[in-house]
Amino acid sequence: MKVYMIIASINELTHIAGSLNISKLTEREYHTKVIVVDEGDMLLRKRNNELLCDVEHNFYGPKERKEWFRDHFGSSYSKYLSVIPKKCHAETSFGFLVAYDETADVVVEVDDDVKISNTKS
């Protein structure tokens, strides 16, 4: 099962890093992938890349979103690119589009200040 976590962030992901292994949380085999929708800040990405080193992840800033639409829609990409708002939390919708395109089974949106507990009830 493919579990995608969508995180819109302009912050370091210190609160959730290390807590993202769904297989450990559930004792089941899942493929976990994190989609970080950000503003493309390379210094912040470097730090978040280090924090997310234990889980598959991709960053999608304005440049990557433009490339994604160009790859999927060719020369008419700009009319699709304009559907995703800029510099607001609604950019998260792009993460859902990627998860859909990659046929995720489960999609979870997580705020960048959330800490996921590894304790079982």
Inter-residue atom distance H57.NE2 - K33.NZ, 0.5 Å rounding: 10.5 Å
Test side chain to side chain donor-acceptor pair (under 3.5 Å) applied to H72 and D101, step by step: CA-CA 10 Å; H72 284 74; D101 185 56; 3.0 Å; yes
Side-chain donor/acceptor of R70 to backbone N/O of Y77, under 3.5 Å: no
Are side-chain heavy atoms of L51 and T14 found at a separation under 4.5 Å? yes
Check the orientation of Y80 and F69. Use parallel for under 30°, tilted for 30 to 60°, and perpendicular for over 60°. parallel
Okay, side chain of N58, backbone of I35: is any donor-acceptor separation there less than 3.5 Å? no
If you count every heavy atom of other residues, nucleotides or ligands that lies below 6.0 Å from F73 atom CZ, does the total exceed 12? yes
When rounded to the nearest 0.5 angstrom, what distance separates CE in M42 from CG in N49? 9.5 Å
F59 CZ to S9 OG distance, which is reported to the nearest 0.5 Å: 9.0 Å
Would one find more than 12 heavy atoms of other residues, nucleotides or ligands at under 6.0 Å from atom NZ of K2? yes
Does any part of the side chain of I7, heavy atoms only, come nearer than 4.5 Å to the side chain of D112, both counted from C-beta? yes
In Å, rounded to the nearest 0.5 Å, how long is the span from CD of E39 to CZ of R45? 9.5 Å
Whether N11 side chain and L44 backbone form a donor-acceptor pair below 3.5 Å: no
Would you give the length of the straight line joining atom CG of L97 to atom OH of Y60, rounded to the nearest 0.5 angstrom? 9.5 Å
